[in-house]
Amino acid sequence: MSLDLTSNFFELFEIPVSFVIDAGLLMKRYRELQQTVHPDRFANATEQERRLSLQYATQINEALRILKDPLERARYLLQLKGVLWDDEQTTLSDPAFLMRQIELRESLEEVREKPDPLSAIGNIIDKVSVLIGDNTQVLQGLLESDNEDELIQAKNQVRKMQFLKKLMAEAESIEAAIEDDM
Amino acid sequence: MAYSDKVIDHYENPRNVGSYDKDDTTVGTGMVGAPACGDVMKLQIKVNKQGVIEDAKFKTYGCGSAIASSSLLTEWVKGKTLDEAREIKNTDIAEELELPPVKVHCSVLAEDAIKAAIEDYQGKN
């Protein structure tokens, strides 16, 4: 067994370097890779070999975590294309997008006062899903490019996705709380 | 992570929560968001003819530190001229609220919000 720890996650899984991935193939490759580094295979191995196999297993798990999540995958792919992430120092200032975010957060706050809170929260979740779907679609197109302008747009699109995911997580936790109260 | 007493105070009793009509020419609106945590902040200032901020309001969806940073900022800018308000640094906010390093970006967001609000006001006038 020898895995190249310097190869990127796509190469590690032997799948095309692309935002569009075959989820079935991803899981198949994951199982194959896990087999090769399984601790049972190293029961009689030297200390160093065992340590290496553990390191490979960790790398494979991390690769799967990144590759199977569209947002993480997009971030990673952009990083491979040379985009730097500086989230802590960055502020998004797209007034129209942010205004819509505030409106959606406001409607989340008001959901419990509605005559039918469960259908009201369902409506918001549907709206956010559509936004996430649209955003993913745009992102997919942009990520096929190596053109600098489009990569900057893709970066912005990934950032918007981070807001949408947060919104979705909050909406889903409110939905769960409403269901619990029923 | 433990919040400082000042953050908790602003979080539990936020000052100046609310909205102004963003189309009002005496109002400047700053909308900013932090991609790192998905927090969204709207900060509005009401400016008089002398260029002094008479009142400020905010609406923040985010963590305690983001709410406290915007709440504190609305208190600080009242009575200041636009030029004075522009001088407020995120480090002043972080220091006052004793924000830990991982929460410093919340104060950056507040600084960017006031700058955006001033810019919006000046664009209208």
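Lettering follows sequence order; numbering is per chain, from 1.
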>> Could you measure the distance from the OG atom of A:S93 to the CD atom of B:E119? Nearest 0.5 Å is fine.
In response: 8.5 Å
> In the single-linkage hydrophobic clustering (I, L, V, M, F, W, Y; side-chain heavy atoms under 4.5 Å), do B:V108 and B:L97 co-cluster?
Replying inline: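 Different clusters.
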> Do you reckon B:V7 sits in the same ILVMFWY cluster as B:L109, going by side-chain contacts under 4.5 Å, direct or chained?
Replying inline: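 No.
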> Name the one of A:R159, A:K160, A:K155 that satisfies side chain to side chain contact (heavy atoms under 4.5 Å, CB included) with B:P35?
Replying inline: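 The single option meeting the side chain to side chain contact (heavy atoms under 4.5 Å, CB included) with B:P35 is A:R159.
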Are there more than 12 heavy atoms of other residues, nucleotides or ligands under 6.0 Å from atom [atom1] of [X]?
{"X": "A:Q35", "atom1": "CD", "result": "no"}
{"X": "A:N44", "atom1": "CG", "result": "no"}
{"X": "A:E32", "atom1": "CD", "result": "yes"}
{"X": "A:Q48", "atom1": "CD", "result": "no"}

>> Out of A:D94, A:V158, A:I102, A:L164, return the one with the most heavy atom pairs under 4.5 angstrom to chain B.
In response: A:I102
> If you count heavy-atom pairs under 4.5 Å between each of A:L92, A:L167, A:L108 and chain B, which one has the most?
Replying inline: A:L92
>> Under 4.5 Å from any heavy atom of chain B, what part of A:M99 do you find: side chain, backbone, both or neither?
In response: both
> Taking B:Y61 as the fixed residue, which of A:K166, A:E109, A:R105, A:E170 is the one that meets the side chain to side chain donor-acceptor pair (under 3.5 Å) rule?
Replying inline: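 The side chain to side chain donor-acceptor pair (under 3.5 Å) with B:Y61 is passed solely by A:E109 among A:K166, A:E109, A:R105, A:E170.
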>> Does any backbone or side-chain atom of B:D120 lie under 4.5 Å from a heavy atom of chain A? Answer side chain, backbone, both or neither.
In response: neither
